[in-house]
Amino acid sequence: MVDRYSRQMLFKPIGEDGQLKILNKHVLILGCGALGSANAENLARAGVGKLTLIDRDYVELSNLQRQQLYTEKDVHEQVPKAIAAKKRLLEINREVNIDAYVLDATPISLVPLLNDIDIVIDATDNFDTRLMMNDLLQKYQIPWIFGSCVGSTGMSYTILPKETPCLGCLLDRAPMSGATCDSVGIISPAVQMVVAHQTTEALKLLVEDKDSLRTNLVTFDLWNNYYHTMNVERAKKENCPTCGENPSFPHFSGEVSTKSEVLCGRNTVQIRTGRKVNLQELANRLQYVAPININDFLLSLEYESYRLVFFHDGRTLIHGTNSIEKAKTIYYQLAG
Amino acid sequence: MVDRYSRQMLFKPIGEDGQLKILNKHVLILGCGALGSANAENLARAGVGKLTLIDRDYVELSNLQRQQLYTEKDVHEQVPKAIAAKKRLLEINREVNIDAYVLDATPISLVPLLNDIDIVIDATDNFDTRLMMNDLLQKYQIPWIFGSCVGSTGMSYTILPKETPCLGCLLDRAPMSGATCDSVGIISPAVQMVVAHQTTEALKLLVEDKDSLRTNLVTFDLWNNYYHTMNVERAKKENCPTCGENPSFPHFSGEVSTKSEVLCGRNTVQIRTGRKVNLQELANRLQYVAPININDFLLSLEYESYRLVFFHDGRTLIHGTNSIEKAKTIYYQLAG
Amino acid sequence: MIKILLFADLQEKVGKPELELKLEQITVEELKSELQKIYPLINLESVMTAVNEEYAMADDAIKSGDTVAFIPPVSGG
Amino acid sequence: MIKILLFADLQEKVGKPELELKLEQITVEELKSELQKIYPLINLESVMTAVNEEYAMADDAIKSGDTVAFIPPVSGG
């Protein structure tokens, strides 16, 4: 340990005591896209005791431009991001205990994973999921670090349940997902700048140096050369439905979601049946329809102008359409 | 290309034209430590046409805490950083043309490599080398991006020959290397924050968007939550010996350096003979002294309380001492 | 004079990073609807507002000399 | 009153990130030697100085109300 983490222990706010704390903590990273993979790499290198990685997606060619940890081989083999991340992280530091889950983040799927979590890092790509997390982590009293980015811009903010304003206090209404990476693009340094802030805040929490935590919200634009902080103390609302005195947790729904959804800006629809699927049986049935690609985690095939990807947990991605109707028609033709 | 770089081409300041430019440019990264490996990963993912990587060192366990691209396997096999970086970068993007050099950066070794270089990224770890680069790149009119970090702090500044103040203009005297990563430690987010700035500036230069370049010097401290910019226009000195009207290039020495030096804070001395070494012959001679580790790039062995690492180019690192006298004694005992 | 900083896509839609408006006093909400009239393309509905680097509510007053920043939350990750 | 921002290891050696000195006018060089007297541990020799976020030379004047930042170059990489 002494040699491997020596440069981190020389850093006084961490020191040997801090390193021991880091080695015994458990961080959950929600999302293994750009923010998730880079935060995971930082924390694995820093020696965090345990990482839980959650992602519903698999590695695609257009991810490689900004998503650390992944290679062309992962694209070729269509490896789920959480699985590919775990594999690479163990090559970097096999002392870290890593749990990787290929699943959709819902309260039902997340609650069992929150048991001994010290911090959650937000690496999701939409505000629906973030507002659900905001409720969930307030309820379970787990600090988390919001981060988001698009283009050359990004933002970060550290949320301590019952102490700081929550994400809902800052947002009068859930933002429309106007600007996403899939609509206006992104450059990798914007990712890293957010990650630099998120990992630093995570390290402060892990070594229990609460006095050093950032209390403002950071916004930046690297291409246009600005960096702005906003003091948010005033934003805490007494009657906030998430962090107020009588919370109703409006974005926390306990139901199993079986609804289908358009993945914004990706020309893709996700269909959820809520039933587990035996991919090998499905392959036996579909092999006469089109050439099948199958690995331990998913089955994919091209059909007409679409690409379908089936996961164990009953989710199917239909790439090539933004129409839920159309996607369902295709889905039922093949797997119905 | 369209799919792989789609998110980057959607970013308007790059677009399809910018991507084509990036694909045809050549960047030299001087140093493959923390700043170098992360900048190299960004630029390889972004699709830069060619990368030249230069580093004199090999991967050690204490590097893994913050140096992207490297794994436990690289430590185990004592792979030189430039070589290990190249291997990983090709797994990420085999379309990038990569030249990797295991050598000491001197004017003699660098000049032949500057031929068609569009930009140099500073990823060195000391001001002696930076001031040499400052002379060299002013002479050869190549823009470069200064970056440095230690603890939770860092800085970055973009230098355009004949246009902006040079590094020498900003520094009244060469800073004493008081605070290095080896003396006061470092956390990985400080690295990434510098890299985010360096890579962004590199992308602006690659797509020839000079108007967007940062004209100030950035300093930050992530643990103490500050970010400060300094406008440096006034700093340009007419009689600067590097970028002034009659430059004398005071830090550019054409001699082959054969002097030995203490690697600051690392308890290591480097001896340079200036003569190439046949490592296999050396192994044949030294195998009776101690167990030898040898790979394509270096030979290492433990001797008394020291570890010696011999490179092809005539350099030897003697770990375990800060005394040049002592190091030379050991060196001549074994290889003299 | 009130100085207005525009971030992320607002900057692009307005075509510049900063504006100055000759105003003595105005609330956050009023300023938003003034800007909405001048720049119909921008959407200030879910934007966060900072006045002199502090979070501001809809009915907070802005005075001449203040710097207002409009910060649209971005969602990518 | 002159506000002084201390960066990197200066912050640690002085024990706080900011100082305020009751001074009307002083040059950069004079301010450095004043501080050197109060805090003998710090080394301001190779430090860069910014006054109100602009690079400042040794004989530039600092006035009451200005903010001075001392920025020690760091060398790691």
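Since the structure is predicted, the reported quantities are computational estimates derived from the model, not experimental observations. Lettering follows sequence order; numbering is per chain, from 1.
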Could you check whether any side-chain heavy atom of [X] comes within less than 4.5 Å of a side-chain heavy atom of [Y], counting everything from C-beta outward?
X: D/Glu54; Y: B/Asn231; value: yes
X: B/Thr153; Y: D/Phe7; value: no
X: D/Gln11; Y: B/Asp221; value: yes
X: B/Thr219; Y: D/Met48; value: no
X: D/Pro73; Y: B/Phe127; value: yes

Quick one: closest heavy-atom pair of [X] and [Y], and the distance?
X: D/Ile71; Y: B/Met155; result: CG2-CE, 3.9 Å
X: D/Val74; Y: B/Arg130; result: O-NH1, 4.3 Å
X: D/Ser75; Y: B/Ser148; result: C-CB, 4.1 Å
X: D/Ala50; Y: B/Met230; result: CB-SD, 3.4 Å
X: D/Met57; Y: B/Arg234; result: CE-O, 3.0 Å

Against chain D, label [X] side chain, backbone, both or neither, depending on which of its atoms sit under 4.5 Å from a heavy atom there.
X: B/Phe220; answer: neither
X: B/Cys32; answer: neither
X: B/Lys236; answer: neither

Could you tell me which of B/Ala34, B/Ala235, B/Gly36, B/Gly33 has the largest number of non-hydrogen atom pairs under 4.5 Å with chain D?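 Going by pairs under 4.5 Å, I would pick B/Ala235.
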Step through the shown structure and confirm whether more than 12 heavy atoms of other residues, nucleotides or ligands are within 6.0 Å of NZ on D/Lys3. no
With a 6.0 Å cut-off (strictly less than), is the heavy-atom count around CD of B/Glu233, excluding the residue itself, greater than 12?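 No - once you tally the heavy atoms of other residues, nucleotides and ligands closer than 6.0 Å, there are 12 at most.
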Close contacts, residues 27-39 of chain D versus chain B, judged by heavy atoms under 4.5 Å: none
Under 4.5 Å from a heavy atom of chain B, the part of D/Thr49 involved: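 D/Thr49 touches chain B through backbone heavy atoms alone.
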